[in-house]
Amino acid sequence: MAFDSFSAFLVMEGHGPYVWVCYGVFVLLLAGMMFWSFRTHQDIYQICKRGYEQQSKVGQPKPKAPATFTRVEVSQD
Amino acid sequence: MWQFFHKLGSPKWFYGIATRFMPWLLASGLLLLVAGIVWGLAFAPKDYLQGNSYRIIFIHVPAAFLAQSIYIMMAFSAVVTLVWRMKLADVFVKAVAPVGLVFTFLSLFTGAVWGKPTWGTWWVWDARLTSMLILLFLYGGVIALDRAINDEKSAARAVAVLVLVGVVNIPIIKYSVDWWNTLHQPATFKLTEKPSMAMEMWVPLVLAILGLYLLFGWLACLRMKTEILIREQRTRWVRDLVLAGGK
């Protein structure tokens with residue numbers, strides 16, 4: 001290791017804040033972009049899936065209503 | 001070659017091949033990037049002139065490389081869009097422009113923070129920094145133009161023209177440190193020449209660059225797949241794929 005101790009590694013002879021801010025923003029933006037892209041893909045995939053499943057249900061023939069007996073008045077004239 | 005080119009034009013073929021490659025791209029990219037960063041931060045020796053602030057190089061240079069490479073790839077795709085009207089080329093441009101924007105911002109931000117202990121200032125209006133700022137605006141312009149035009153084909157053509165106009169900025173970025181007097185140091189890393197830095201610094205830098213390129217490959221595949229799902233959702237192959245549970 002290039003440093004004598006962990007605290008020396010963090011401080012980096014006064015350059016620590018500059019270095020760590022850069023690495024923090026880099027990791028935050030890269031991880032954020034990866035997570036957001038993954039999440040968007042999952043969301044779009046689920047929207048497509050729900051749409052196709054609804055279409056499948058609508059496309060299926062509706063089950064017939066059970067048979068009923070209705071008295072029909074028919075004129076004998 | 002031409003067969004591959006034709007296959008590449010098929011969203012269905014690309015979707016399948018991207019799904020197969022993505023886990024490898026993610027695993028190898030993360031491994032190389034983490035290895036490069038840990039090596040560079042903790043094990044690489046201190047720079048005799050800049051001290052420890054130079055350790056920012058292990059993210060600054062990879063981000064700047066990607067920022068320019070993505071724009072060059074977008075320019076090639078723009079030519080393909082205009083000449084061959086290949087759908088995937090436009091999908092690529094739309095999918096990676098925000099990634100290019102983020103990497104350009106990262107290279108500017110890390111450069112500015114590195115500039116304070118090294119030059120004594122966050123920012124100077126010199127050629128390298130200004131041309132990188134223009135690249136950031138170009139990425140923003142590409143994204144805004146694409147969102148402003150509703151018709152997909154018109155948007156693809158307009159974006160392709162803007163990308164091609166903006167590509168003139170890339171050689172300006174690259175040669176700005178040679179053409180003009182600037183605070184920015186000359187290129188640290190050249191593919192054609194022997195490295196100007198110590199091997200203990202050069203190897204982690206190469207690892208970080210390769211790792212970030214692989215992660216970009218993963219991001220590009222994922223974002224292109226999302227765009228393909230949106231555009232091709234009415235096609236039978238997407239319907240079959242999604243209903244079969246294929247990702």
Side-chain angles (χ1 to χ4, degrees), chain A residues 1-70, chain B residues 26 29-30 33 37 40-46 50-56 58-60 62-63 95 98-99 101-103 105-107 109-118 200 212 215-216 218-220 222-223 225-230 232-234 238-243 245-247:
Chain A
M1 202 165 163
F3 300 92
D4 296 333
S5 63
F6 185 68
S7 58
F9 174 59
L10 290 181
V11 176
M12 289 194 178
E13 294 173 349
H15 287 155
Y18 300 107
V19 174
W20 294 118
V21 161
C22 284
Y23 277 85
V25 171
F26 178 82
V27 170
L28 199 72
L29 282 185
L30 184 63
M33 186 166 54
M34 289 169 71
F35 177 74
W36 180 62
S37 302
F38 182 73
R39 189 72 192 270
T40 308
H41 183 76
Q42 296 293 96
D43 288 350
I44 297 290
Y45 185 89
Q46 288 304 327
I47 289 169
C48 287
K49 195 172 181 182
R50 275 199 297 272
Y52 295 141
E53 282 167 355
Q54 271 180 357
Q55 277 174 15
S56 305
K57 278 181 194 162
V58 172
Q60 279 171 5
K62 285 179 186 172
K64 285 180 184 172
T68 53
F69 295 96
T70 313
Chain B
L26 181 64
L30 281 177
L33 185 65
I37 283 178
L41 269 178
F43 297 98
K46 187 172 82 172
Q50 298 185 21
N52 284 307
S53 69
Y54 99 96
R55 294 181 197 280
I56 296 171
F58 300 106
I59 47 173
H60 174 76
V99 184
L101 181 90
V102 169
F103 283 132
F105 171 78
L106 278 172
S107 79
F109 180 80
T110 54
V113 176
W114 190 4
K116 187 65 183 164
T118 313
E200 298 94 323
L212 204 58
L215 281 187
F216 163 70
W218 180 82
L219 264 171
L222 179 64
R223 296 178 65 86
K225 279 173 66 177
T226 308
E227 189 62 28
I228 288 171
L229 275 185
I230 294 168
E232 304 271 311
Q233 57 183 301
R234 290 176 198 280
V238 170
R239 185 190 164 90
D240 292 346
L241 179 99
V242 170
L243 286 176
K247 291 283 177 182

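Proteins come first, then strands; the chains are lettered A, B, ... in the order of their sequence lines, and each starts at number 1.
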Report summary line: Highest number of heavy-atom pairs under 4.5 Å with chain B among A:Gln42, A:Met12, A:Glu53 belongs to A:Met12
Report task. Heavy-atom pairs under 4.5 Å with chain A are the metric here; pick the option from B:Arg55, B:Lys116, B:Gln233 that has the most. Result -> B:Arg55
Report summary line: Per side-chain contact (heavy atoms from CB on, under 4.5 Å), A:Asp43 is matched among A:Gln46, A:His41, A:Arg39 by A:Arg39
Query - Side chain / backbone / both / neither for B:Arg223 at chain A, heavy atoms under 4.5 Å - result: side chain
Query raised in the report: So what's closer than 4.5 Å to chain A heavy atoms on B:Ala44: side chain, backbone, both or neither?
Result: backbone
Query - Part of B:Phe103 within contact of chain A (heavy atom distance under 4.5 Å) - result: side chain
Report summary line: When the 4.5 angstrom heavy-atom criterion is applied to B:Leu41 and chain A, the contacting part is both
**Report entry** Sub-4.5 Å side-chain heavy-atom contact between B:Gln50 and B:Trp114
**Finding:** yes
Report task. Determine the option with the most heavy-atom pairs under 4.5 angstrom with chain A, choosing from B:Val238, B:Leu215, B:Leu26. Result -> B:Val238
Query raised in the report: Given the options B:Leu243, B:Ile59, B:Ile230, which has more heavy-atom pairs under 4.5 Å with chain A than any of the others?
Result: B:Ile59
Query raised in the report: For A:Phe9, is it the side chain, the backbone, both or neither that has a heavy atom under 4.5 Å from a heavy atom of chain B?
Result: side chain
Query raised in the report: Side chain, backbone, both or neither: which part of B:Leu106 has a heavy atom under 4.5 Å from chain A?
Result: side chain
Query raised in the report: So, do A:Cys48 and B:Glu232 sit near enough that their side-chain heavy atoms are less than 4.5 Å apart?
Result: no
Query raised in the report: Between A:Leu30 and B:Leu33, is a side-chain contact (heavy atoms from CB on, under 4.5 Å) present by the stated rule, with each step listed?
Result: CA-CA 12 Å; A:Leu30 184 63; B:Leu33 185 65; 3.7 Å; yes
Query raised in the report: Are any non-hydrogen side-chain atoms of A:Leu29 and A:Met33 less than 4.5 angstrom apart?
Result: no
Requested in this report: Please report the closest heavy-atom contact between B:Thr110 and B:Ser107, naming both atoms and the distance.
Outcome: OG1-O, 3.3 Å
Requested in this report: Mind listing the closest non-hydrogen atom pair of B:Pro62 and B:Phe58 along with its distance?
Outcome: CG-O, 3.3 Å
Query - Best-contacting candidate, A:Phe3, A:Phe26, A:Tyr23, against chain B by heavy atom pairs under 4.5 angstrom - result: A:Tyr23
Requested in this report: Evaluate side-chain contact (heavy atoms from CB on, under 4.5 Å) for A:Tyr18 paired with B:Asn52, printing each intermediate quantity in order.
Outcome: CA-CA 10 Å; A:Tyr18 300 107; B:Asn52 284 307; over 6 Å; no
Requested in this report: Could you check if a side-chain atom of B:Trp218 sits within less than 4.5 angstrom of a side-chain atom of B:Leu30, using non-hydrogen atoms only?
Outcome: no
Query raised in the report: Checking B:Lys46 against chain A: side chain, backbone, both or neither under 4.5 Å from a heavy atom?
Result: side chain
Query - chain A contact via B:Leu219 - which portion, at a heavy-atom distance below 4.5 Å - result: side chain
